[in-house]
Amino acid sequence: MEAFEYRKGEMFVDRVPVSRLAERYGTPLYVYNRSYLLGQYRQLVTAFSEINPQIYFAIKANSSAAVISTFAREGAGADVVSGGELWRAIRAGVEPSKIVFAGVGKTVEEIDYALMEGIHCFTVESEPELERISQRAQVLNRPGRIAVRVNPDVDPKTHKYTSTGKKESKFGVDLERAMKAYELAASLPGLEIAGIHMHIGSPIMTVEPYAQALEKVAPVCRELKKKYPKFTQLDIGGGLGIRYRDEQEPFDVQGFAGVVIRYAKELGMSVGMEPGRFLVGNAGLLVCRVQYIKDNPFKKFIISDGGMNDLIRPALYEAYHKILPVKETADTVLGDLVGPVCESGDFLAAERALPKVKQDDLIAVRSAGAYAFAMSSSYNSRPRPAEVMVQGRKVKLIRAREKREDLVRGEKNPEW
Ligand code: LLP
């Protein structure tokens with residue numbers, strides 16, 4: 001399934017023509033299909049119904065309030081990685097008791113905030129972090145529930161910037177050190193050992209790396225279960241892949257659920273998971289308007305009003321995003337789709353067959369629901385795009401386009 005479809009040669013998101021959204025809200029514009037978001041969430045819930053896991057939406061993928069609350073209303077919790085994300089999650093309606101807090105650099109202020117809100121659990125990434133949470137839990141007289149993040153040292157076969165479960169990664173504790181870390185946790189006052197956590201990278205396209213990781217983590221869980229009575233939760237992280245390219249197979253949710261359920265039952269543990277991209281990635285489009293067609297003797301450039309500041313994944317990871325015409329055409333041209341930003345790295349698609357479009361036509365960048373708006377910036381003083389959500393014929397503006405004044409908010413220009 002896709003978040004859009006063509007009807008009589010026109011691209012629609014649900015019942016709404018994309019061209020109408022562009023007219024009304026301007027471009028570049030992020031468009032999300034709400035039914036698609038719900039469909040992805042419910043697909044996971046159904047596949048895992050036998051064990052009823054807690055799904056923590058990884059809000060780093062898309063932290064817009066309307067997106068978070070779409071899942072919160074379905075019962076989702078949130079995986080957060082900063083005080084800012086914690087604030088956003090609560091504000092969007094996620095119950096603190098359904099929030100897990102990961103990240104290697106939690107400050108005293110962030111830990112205090114999370115303790116006072118009564119979050120479910122800290123995903124702890126190092127021994128000194130255990131000590132800090134213990135201290136703050138005592139000062140504030142709140143229980144510091146923790147799960148240690150372990151590195152199972154498997155290769156998730158993703159881009160090196162998004163692979164996280166290898167030994168040399170900055171995240172978590174390697175498996176050999178895990179028992180020691182738990183012993184330390186058990187010796188520290190104010191901490192409560194709730195479970196274990198792993199996240200091996202993203203996007204992961206097959207079930208295999210998860211199976212390998214669980215195979216390595218399971219013996220450690222068995223040991224820990226014997227030692228610590230409250231050690232009951234197995235958080236398998238996120239990373240579930242999505243189809244960026246047409247030729248990619250969809251992630252095998254059933255197969256994945258099969259593996260996880262088998263381990264959960266065998267270990268007698270409850271399961272948490274932290275999908276981000278899987279829930280939102282293919283629900284979103286970035287709609288842009290073609291500004292110029294530039295025919296160099298060596299190369300053809302389609303220059304759009306959307307650029308790397310709006311969607312940085314192609315520039316940062318050489319990520320592939322499919323480019324679609326909003327008015328259907330089968331004609332293609334070979335070239336680059338670039339943005340207006342003053343950087344050679346500012347491209348949305350490089351050296352590819354692109355839809356044959358002309359000046360002022362609309363194009364849509366697919367798979368722009370995850371790590372898209374969330375990673376945008378106003379570099380080159382480009383106000384960030386608006387976001388809209390569509391369900392049926394309903395269209396809601398969920399974030400207003402930034403204004404020029406927003407670019408200088410908080411800025412001071414003192415008299416010297
Ligand atoms: N849990 C933890 C602890 C994580 O670090 C992440 C992602 C997730 C869950 C969610 O992963 P997901 O299900 O969305 O794949 N900016 C990169 C991705 C960075 C992922 C960071 N951690 C990208 O655009 O591909």
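All ligand and atom numbering here is 1-based and tracks the order in the structure.
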Please check: side-chain N/O of Arg243 versus main-chain N/O of Gln248, any donor-acceptor pairing under 3.5 Å?
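Yes, because the side chain of Arg243 sits within donor-acceptor range (under 3.5 Å) of the backbone of Gln248.
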Within the distance-only criterion (no hydrogens, no angle test), does the side chain of Glu266 pair as donor or acceptor with the backbone N or O of Arg262 below 3.5 angstrom?
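The answer is no, because no donor-acceptor pair under 3.5 Å joins these two groups.
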Consider ligand 1: state whether an atom of it lies below 4.0 angstrom from any non-hydrogen atom of Tyr317.
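Contact check Tyr317 vs ligand 1: positive.
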Sub-4.0 Å heavy-atom contact, Ala370 with ligand 1
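Ala370 does not count as a contact of ligand 1 under the 4.0 Å cut-off.
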I'd like to know if [X] and [Y] make a salt bridge, using a cut-off of under 4.0 Å between side-chain N and carboxylate O.
X: Asp361; Y: Lys327; answer: no
X: Glu127; Y: Lys180; answer: no
X: Arg136; Y: Asp112; answer: yes

Using a 3.5 Å cut-off on N or O atoms only, is [X] in polar contact with ligand 1?
X: Gly276; result: yes
X: Tyr371; result: yes
X: Gly239; result: yes
X: Arg313; result: yes

Report the residues that fulfil side chain to side chain donor-acceptor pair (under 3.5 Å) with Lys300, sequence neighbours left out, ordered by chain and then residue number.
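Counting only residues at least two positions away or on another chain, Lys300 forms a side chain to side chain donor-acceptor pair (under 3.5 Å) with Asp295.
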Mode of [X] contact toward ligand 1 - side chain, backbone, both, neither (heavy atoms, under 4.0 Å):
X: Phe171; result: neither
X: Ala58; result: side chain
X: Arg277; result: both
X: Asp79; result: side chain

Are Phe256 and Phe251 near enough that their ring centres are under 6.0 Å apart?
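Under 6.0 Å, so yes.
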Angle between ring planes, Tyr56 versus His120, binned at 30° and 60°: parallel, tilted or perpendicular?
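Geometry flag for His120 against Tyr56: parallel rings.
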Among Met273, His199, Met375, which one puts a heavy atom closest to atom 8 (C) of ligand 1?
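Looking at heavy atoms only, the winner is His199.
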Check each atom of ligand 1 against the heavy atoms of [X] and keep those under 4.0 Å away; list them by number with element.
X: Glu274; result: 1 (N), 2 (C), 3 (C), 8 (C), 9 (C), 10 (C), 13 (O)
X: Pro275; result: 13 (O)
X: Arg149; result: 3 (C)

Scan for salt bridge (charged side-chain N to carboxylate O under 4.0 Å, His left out) pairs involving residues 247-259, sequence neighbours excluded, and state none if there are none.
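Found none.
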